[in-house]
Amino acid sequence: MPRSKTLPAELDPSARQLVARLRRLKDHSELTMRQLAAKTGYSAKSWERYLGGVSLPPREAVEALARITGTDPVPLLALHEIAADSRDGRRARPAVQRQDEQHECDQGPSAGSTAPHSGPTVAHSGPTVAQTAPTPPRAAEPTPGRFPHIALTAGIAALAVALSAVLLLMLRLDDDAGQAAVTTSPRTTAASSPPSYTCRIARVDGRWSAGINQGRDTEIGYGATGADVAEAQCLLRRAGISPGGIDGMFGPLTLRAVKTFQDRAGLTVDGMLGPRSWKALRG
(Lines give C-alpha, C1' and ligand atoms only; values in the text may rest on other atoms or scores of the structure.)
Protein backbone atom coordinates (compact mmCIF):
# COMPACT_ATOMS: atom_id res chain seq x y z
CA MET A 1 0.00 0.00 0.00
CA PRO A 2 1.60 3.39 -0.96
CA ARG A 3 2.82 5.49 1.90
CA SER A 4 0.69 8.57 2.68
CA LYS A 5 2.17 11.95 1.93
CA THR A 6 3.22 14.21 4.80
CA LEU A 7 0.50 16.71 5.70
CA PRO A 8 1.27 20.45 5.20
CA ALA A 9 2.99 22.06 8.18
CA GLU A 10 0.57 25.01 8.18
CA LEU A 11 -2.50 22.73 8.48
CA ASP A 12 -4.79 23.62 11.42
CA PRO A 13 -4.53 21.10 14.35
CA SER A 14 -8.22 20.17 14.16
CA ALA A 15 -8.06 19.66 10.38
CA ARG A 16 -4.86 17.63 10.80
CA GLN A 17 -6.56 15.29 13.31
CA LEU A 18 -9.61 14.91 11.05
CA VAL A 19 -7.46 14.03 7.99
CA ALA A 20 -5.41 11.55 10.04
CA ARG A 21 -8.59 9.70 11.13
CA LEU A 22 -9.98 9.67 7.59
CA ARG A 23 -6.69 8.23 6.34
CA ARG A 24 -6.83 5.44 8.93
CA LEU A 25 -10.39 4.54 7.91
CA LYS A 26 -9.44 4.46 4.22
CA ASP A 27 -6.32 2.34 4.86
CA HIS A 28 -8.20 -0.08 7.13
CA SER A 29 -10.91 -0.62 4.50
CA GLU A 30 -8.22 -1.26 1.82
CA LEU A 31 -10.23 0.81 -0.67
CA THR A 32 -8.45 2.43 -3.61
CA MET A 33 -9.14 6.05 -4.54
CA ARG A 34 -11.32 4.87 -7.45
CA GLN A 35 -13.34 2.55 -5.21
CA LEU A 36 -13.69 5.34 -2.66
CA ALA A 37 -14.96 7.67 -5.40
CA ALA A 38 -17.46 5.08 -6.66
CA LYS A 39 -18.90 4.45 -3.17
CA THR A 40 -19.07 8.09 -1.98
CA GLY A 41 -19.87 10.06 -5.15
CA TYR A 42 -16.77 12.29 -4.75
CA SER A 43 -14.06 11.99 -7.43
CA ALA A 44 -10.69 10.34 -6.83
CA LYS A 45 -8.98 13.72 -7.38
CA SER A 46 -11.19 15.26 -4.68
CA TRP A 47 -10.27 12.48 -2.20
CA GLU A 48 -6.58 13.01 -3.01
CA ARG A 49 -7.00 16.68 -1.99
CA TYR A 50 -9.04 15.81 1.12
CA LEU A 51 -6.63 13.09 2.38
CA GLY A 52 -3.59 15.21 1.44
CA GLY A 53 -4.70 18.13 3.62
CA VAL A 54 -5.00 20.46 0.60
CA SER A 55 -8.69 21.23 1.15
CA LEU A 56 -11.22 20.49 3.87
CA PRO A 57 -13.64 17.71 2.81
CA PRO A 58 -17.38 18.51 2.78
CA ARG A 59 -19.46 17.26 5.71
CA GLU A 60 -21.28 14.85 3.35
CA ALA A 61 -17.98 13.27 2.23
CA VAL A 62 -17.01 12.62 5.87
CA GLU A 63 -20.41 11.02 6.53
CA ALA A 64 -20.10 8.85 3.39
CA LEU A 65 -16.65 7.52 4.39
CA ALA A 66 -17.90 6.77 7.92
CA ARG A 67 -20.92 4.92 6.50
CA ILE A 68 -19.03 2.63 4.11
CA THR A 69 -16.45 1.76 6.77
CA GLY A 70 -19.05 1.10 9.50
CA THR A 71 -17.74 3.92 11.73
CA ASP A 72 -19.65 6.23 14.09
CA PRO A 73 -19.68 9.59 12.23
CA VAL A 74 -20.35 11.82 15.28
CA PRO A 75 -16.69 12.31 16.44
CA LEU A 76 -15.59 12.91 12.85
CA LEU A 77 -18.32 15.50 12.26
CA ALA A 78 -17.41 17.30 15.52
CA LEU A 79 -13.80 17.60 14.34
CA HIS A 80 -15.02 18.76 10.91
CA GLU A 81 -17.14 21.51 12.49
CA ILE A 82 -14.21 22.82 14.58
CA ALA A 83 -11.87 22.74 11.56
CA ALA A 84 -14.42 24.61 9.42
CA ASP A 85 -14.97 27.29 12.11
CA SER A 86 -11.22 27.75 12.52
CA ARG A 87 -10.79 28.08 8.75
CA ASP A 88 -13.58 30.68 8.52
CA GLY A 89 -12.05 32.63 11.42
CA ARG A 90 -8.67 32.81 9.66
CA ARG A 91 -10.36 34.08 6.51
CA ALA A 92 -12.39 36.73 8.37
CA ARG A 93 -9.44 38.37 10.19
CA PRO A 94 -7.56 39.68 7.11
CA ALA A 95 -10.87 40.93 5.64
CA VAL A 96 -11.62 42.99 8.78
CA GLN A 97 -8.09 44.43 8.79
CA ARG A 98 -8.42 45.49 5.14
CA GLN A 99 -11.79 47.11 5.91
CA ASP A 100 -10.26 49.08 8.82
CA GLU A 101 -7.37 50.31 6.66
CA GLN A 102 -9.75 51.37 3.87
CA HIS A 103 -11.95 53.21 6.39
CA GLU A 104 -8.96 55.15 7.75
CA CYS A 105 -7.89 56.15 4.24
CA ASP A 106 -11.42 57.33 3.37
CA GLN A 107 -11.73 59.27 6.66
CA GLY A 108 -8.60 61.37 6.11
CA PRO A 109 -7.06 63.54 8.82
CA SER A 110 -9.32 64.39 11.77
CA ALA A 111 -11.40 67.50 11.19
CA GLY A 112 -11.73 68.10 14.89
CA SER A 113 -8.34 69.93 15.26
CA THR A 114 -8.00 73.65 14.49
CA ALA A 115 -4.75 75.56 14.33
CA PRO A 116 -4.28 78.10 17.11
CA HIS A 117 -4.07 81.76 16.22
CA SER A 118 -0.45 82.70 15.92
CA GLY A 119 0.39 86.02 17.30
CA PRO A 120 -1.57 88.53 19.34
CA THR A 121 -4.22 90.90 18.02
CA VAL A 122 -3.27 94.50 18.59
CA ALA A 123 -6.06 97.09 18.93
CA HIS A 124 -5.12 100.72 18.88
CA SER A 125 -7.35 102.98 20.98
CA GLY A 126 -5.50 106.11 21.50
CA PRO A 127 -2.20 105.62 23.25
CA THR A 128 -3.25 102.32 24.88
CA VAL A 129 -2.25 99.04 23.15
CA ALA A 130 -4.50 96.05 24.03
CA GLN A 131 -3.56 92.44 23.31
CA THR A 132 -6.06 89.56 23.12
CA ALA A 133 -5.10 86.12 24.44
CA PRO A 134 -4.55 83.38 21.78
CA THR A 135 -7.44 80.91 21.29
CA PRO A 136 -6.57 77.53 22.90
CA PRO A 137 -6.42 74.53 20.46
CA ARG A 138 -9.43 72.18 20.39
CA ALA A 139 -8.96 68.58 21.42
CA ALA A 140 -8.94 66.07 18.54
CA GLU A 141 -12.21 64.22 18.20
CA PRO A 142 -12.30 60.41 17.74
CA THR A 143 -12.66 59.16 14.18
CA PRO A 144 -16.29 58.14 13.57
CA GLY A 145 -16.83 54.44 12.90
CA ARG A 146 -13.51 53.30 14.37
CA PHE A 147 -14.78 51.70 17.58
CA PRO A 148 -17.27 49.24 15.96
CA HIS A 149 -14.45 47.80 13.83
CA ILE A 150 -12.17 47.45 16.84
CA ALA A 151 -14.97 45.63 18.70
CA LEU A 152 -15.54 43.31 15.73
CA THR A 153 -11.84 42.47 15.49
CA ALA A 154 -11.67 41.80 19.23
CA GLY A 155 -14.77 39.58 19.01
CA ILE A 156 -13.25 37.46 16.21
CA ALA A 157 -10.00 37.10 18.18
CA ALA A 158 -11.96 35.97 21.24
CA LEU A 159 -13.87 33.44 19.12
CA ALA A 160 -10.60 32.02 17.78
CA VAL A 161 -9.23 31.65 21.32
CA ALA A 162 -12.44 29.90 22.43
CA LEU A 163 -12.31 27.47 19.50
CA SER A 164 -8.67 26.66 20.29
CA ALA A 165 -9.62 25.95 23.90
CA VAL A 166 -12.43 23.62 22.79
CA LEU A 167 -10.05 21.77 20.47
CA LEU A 168 -7.47 21.29 23.22
CA LEU A 169 -10.22 20.03 25.55
CA MET A 170 -11.37 17.48 22.95
CA LEU A 171 -7.81 16.27 22.38
CA ARG A 172 -7.35 15.86 26.13
CA LEU A 173 -10.64 13.97 26.43
CA ASP A 174 -9.51 11.65 23.60
CA ASP A 175 -6.24 10.97 25.44
CA ASP A 176 -8.08 10.35 28.72
CA ALA A 177 -10.52 8.00 26.99
CA GLY A 178 -7.63 6.05 25.45
CA GLN A 179 -5.90 5.68 28.81
CA ALA A 180 -9.18 4.64 30.46
CA ALA A 181 -9.68 1.95 27.82
CA VAL A 182 -6.24 0.52 28.65
CA THR A 183 -6.74 0.53 32.43
CA THR A 184 -10.40 -0.57 32.51
CA SER A 185 -11.10 -3.84 34.24
CA PRO A 186 -12.10 -6.86 32.09
CA ARG A 187 -15.70 -6.70 33.35
CA THR A 188 -16.12 -3.03 32.33
CA THR A 189 -14.50 -3.61 28.93
CA ALA A 190 -16.81 -6.50 28.18
CA ALA A 191 -19.83 -4.36 28.99
CA SER A 192 -18.84 -1.39 26.77
CA SER A 193 -17.14 -3.14 23.82
CA PRO A 194 -18.91 -4.89 20.93
CA PRO A 195 -19.21 -8.68 21.32
CA SER A 196 -16.18 -10.73 20.33
CA TYR A 197 -16.45 -13.99 18.41
CA THR A 198 -14.26 -17.10 18.40
CA CYS A 199 -14.23 -19.54 15.51
CA ARG A 200 -14.70 -23.16 16.66
CA ILE A 201 -14.65 -24.92 13.30
CA ALA A 202 -16.06 -28.45 13.42
CA ARG A 203 -18.10 -30.90 11.32
CA VAL A 204 -21.64 -31.21 12.66
CA ASP A 205 -23.88 -33.73 10.90
CA GLY A 206 -21.60 -33.59 7.86
CA ARG A 207 -21.64 -29.79 7.61
CA TRP A 208 -19.00 -27.27 8.65
CA SER A 209 -19.91 -25.03 11.56
CA ALA A 210 -18.13 -22.26 13.47
CA GLY A 211 -20.33 -22.81 16.55
CA ILE A 212 -21.63 -19.22 16.60
CA ASN A 213 -25.13 -19.07 15.04
CA GLN A 214 -26.41 -22.60 15.78
CA GLY A 215 -26.28 -23.57 12.10
CA ARG A 216 -28.74 -20.93 10.80
CA ASP A 217 -28.79 -20.12 7.08
CA THR A 218 -30.24 -16.61 7.45
CA GLU A 219 -29.92 -14.41 4.35
CA ILE A 220 -27.55 -11.52 5.06
CA GLY A 221 -25.84 -8.81 3.01
CA TYR A 222 -23.72 -5.68 3.16
CA GLY A 223 -24.29 -3.67 6.34
CA ALA A 224 -25.59 -6.61 8.41
CA THR A 225 -24.16 -7.29 11.89
CA GLY A 226 -24.28 -10.03 14.50
CA ALA A 227 -23.65 -13.73 14.98
CA ASP A 228 -24.72 -14.75 11.44
CA VAL A 229 -22.06 -12.45 9.96
CA ALA A 230 -19.40 -13.77 12.37
CA GLU A 231 -20.33 -17.39 11.43
CA ALA A 232 -19.92 -16.53 7.73
CA GLN A 233 -16.57 -14.80 8.39
CA CYS A 234 -15.25 -17.91 10.16
CA LEU A 235 -16.37 -20.20 7.31
CA LEU A 236 -14.87 -17.85 4.70
CA ARG A 237 -11.57 -17.96 6.56
CA ARG A 238 -11.79 -21.78 6.68
CA ALA A 239 -12.23 -21.70 2.88
CA GLY A 240 -8.96 -19.77 2.57
CA ILE A 241 -10.49 -16.33 1.91
CA SER A 242 -9.80 -13.54 4.42
CA PRO A 243 -12.84 -11.42 5.40
CA GLY A 244 -10.73 -9.19 7.65
CA GLY A 245 -11.47 -9.53 11.36
CA ILE A 246 -14.07 -11.80 12.94
CA ASP A 247 -16.10 -8.85 14.20
CA GLY A 248 -19.66 -9.66 13.08
CA MET A 249 -19.78 -6.63 10.74
CA PHE A 250 -20.57 -7.15 7.04
CA GLY A 251 -18.28 -4.42 5.73
CA PRO A 252 -16.23 -3.93 2.53
CA LEU A 253 -13.69 -6.67 3.32
CA THR A 254 -16.38 -9.26 4.10
CA LEU A 255 -18.29 -8.25 0.95
CA ARG A 256 -15.19 -8.78 -1.17
CA ALA A 257 -14.55 -12.18 0.46
CA VAL A 258 -18.17 -13.32 -0.17
CA LYS A 259 -17.98 -12.35 -3.84
CA THR A 260 -14.65 -14.16 -4.24
CA PHE A 261 -16.14 -17.33 -2.68
CA GLN A 262 -19.26 -17.15 -4.87
CA ASP A 263 -17.12 -16.81 -7.97
CA ARG A 264 -15.02 -19.84 -6.99
CA ALA A 265 -18.11 -21.89 -6.18
CA GLY A 266 -19.81 -21.04 -9.48
CA LEU A 267 -22.64 -19.18 -7.76
CA THR A 268 -24.26 -15.87 -8.66
CA VAL A 269 -21.77 -13.18 -7.59
CA ASP A 270 -24.09 -10.72 -5.83
CA GLY A 271 -22.43 -10.41 -2.41
CA MET A 272 -25.53 -11.76 -0.65
CA LEU A 273 -25.31 -14.86 1.55
CA GLY A 274 -28.47 -16.84 0.89
CA PRO A 275 -29.32 -20.55 1.29
CA ARG A 276 -27.19 -21.68 -1.70
CA SER A 277 -24.12 -19.72 -0.57
CA TRP A 278 -24.52 -20.99 3.02
CA LYS A 279 -24.78 -24.55 1.72
CA ALA A 280 -21.57 -24.14 -0.26
CA LEU A 281 -19.80 -22.56 2.73
CA ARG A 282 -20.80 -25.40 5.02
CA GLY A 283 -19.62 -27.93 2.43
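All values below come from the heavy atoms of this structure, side chains included, with hydrogens, waters and symmetry mates left out.
What you find for Ser242 and Ala257 is that their closest heavy atoms are O-CB, 3.7 Å. Between Ala37 and Ala44, the shortest heavy-atom contact is CB-N, 3.5 Å. Closest heavy-atom contact between Trp278 and Ile220: CZ2-CD1, 4.1 Å. Minimum heavy-atom separation, Gly52 to Pro8: O-CD, 3.4 Å. Counting all heavy atoms, side chain and backbone alike, Leu236 lies closest to Phe261 at CD2-CB, 3.8 Å. The two residues Arg237 and Gly245 have their closest heavy-atom pair at NH2-CA, 4.2 Å.
Using a cut-off of 4.0 Å between Lys/Arg side-chain N and Asp/Glu carboxylate O, Glu30 and Arg256 are scored as salt-bridged. A salt bridge does not link Lys279 with Asp217: every distance from a Lys NZ or Arg NE/NH1/NH2 to an Asp or Glu carboxylate oxygen is 4.0 Å or more.
Note that OG1 of Thr69 is 4.5 Å distant from CG of Leu25, once rounded to the nearest 0.5 Å. With rounding to the nearest 0.5 angstrom, the CD atom of Glu10 is 8.5 Å from the CZ atom of Arg16. Note that CD1 of Ile82 is 9.5 Å distant from CG of Asp12, once rounded to the nearest 0.5 Å. Considering OG of Ser46 and CG of Leu51, their distance stands at 10.5 Å, rounded to 0.5 Å. Atoms CG and OG, from Leu56 and Ser14 in turn, are 8.5 Å apart once rounded to the nearest 0.5 Å. Put simply, CG on Leu11 and CD on Gln17 are 11.5 Å apart, with the number rounded to the nearest 0.5 Å.
By the 6.0 Å contact criterion, CD on Glu81 is open, its count of non-hydrogen atoms from other residues, nucleotides or ligands being 12 or less. In Asp72, the CG atom is crowded: over 12 heavy atoms of neighbouring residues, nucleotides or ligands sit closer than 6.0 Å. Other residues, nucleotides and ligands contribute more than 12 heavy atoms inside 6.0 Å of the CZ atom of Arg216. Arg203 CZ: more than 12 foreign heavy atoms inside a 6.0 Å radius.
Residues Ile241 and Ile201 share a single hydrophobic cluster, defined by chaining ILVMFWY side chains whose heavy atoms lie under 4.5 Å apart. The hydrophobic clustering, which links ILVMFWY residues whose side-chain heavy atoms are closer than 4.5 Å, places Met33 and Leu65 together. Cluster membership for Val19 and Leu31, using ILVMFWY side-chain heavy atoms within less than 4.5 angstrom, is not shared. Transitive grouping of hydrophobic side chains (ILVMFWY, heavy atoms separated by less than 4.5 Å) brings Leu36 and Leu76 into a common cluster. Using a 4.5 Å cut-off between side-chain heavy atoms of Ile, Leu, Val, Met, Phe, Trp and Tyr, with links allowed through other members, Met272 and Phe250 fall into different hydrophobic clusters.
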Exercise for the section: Start with the C-alpha distance between Cys199 and Arg238, add both sets of side-chain angles, then the distance that settles side-chain contact (heavy atoms from CB on, under 4.5 Å), and finish with yes or no. Expected result: CA-CA 9 Å; Cys199 298; Arg238 188 206 68 81; over 6 Å; no

Practice task
Test side chain to side chain donor-acceptor pair (under 3.5 Å) on Gln233 and Thr254 and set out the steps.
Solution key: CA-CA 7 Å; Gln233 290 171 333; Thr254 301; 3.0 Å; yes

Practice task
Determine, stepwise, if the pair Leu79 / Arg21 fulfils side-chain contact (heavy atoms from CB on, under 4.5 Å).
Solution key: CA-CA 10 Å; Leu79 276 177; Arg21 291 193 178 188; 4.0 Å; yes

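Gln262 and Ser277 share a side-chain donor-acceptor pair at under 3.5 Å.
In this structure the side chain of Thr40 reaches within 4.5 angstrom of the side chain of Ile68, judged on heavy atoms. Put simply, the side chain of Glu219 does not reach to within 4.5 Å of the side chain of Leu273, judged on heavy atoms. Looking at Glu48 and Ser43, their side chains never come closer than 4.5 Å, going by heavy atoms from C-beta outward. Looking at Tyr50 and Leu22, their side chains never come closer than 4.5 Å, going by heavy atoms from C-beta outward. Using a 4.5 Å cut-off on side-chain heavy atoms (C-beta onward), Tyr42 and Pro58 make contact.
Between the side chain of His80 and the backbone N or O of Pro75 there is no donor-acceptor pair closer than 3.5 Å. Of the possible polar contacts, one joining the Arg282 side chain to the Trp208 backbone as a donor-acceptor pair under 3.5 Å is found. No donor-acceptor distance shorter than 3.5 angstrom exists from the side chain of Arg276 to the backbone of Leu267, with no hydrogens or angles considered. Ser29 places a side-chain N or O within 3.5 Å of a backbone atom of Lys26 that can act as its donor or acceptor partner. In this structure a side-chain-to-backbone donor-acceptor pair under 3.5 Å is missing from Thr268 to Asp270.
Both the sub-6.0 Å distance and the 45° axial angle are satisfied by Lys39 relative to the ring of Tyr222.
Clustering of Ile, Leu, Val, Met, Phe, Trp and Tyr by side-chain heavy atoms under 4.5 Å joins Ile246 with Tyr197, Ile212.
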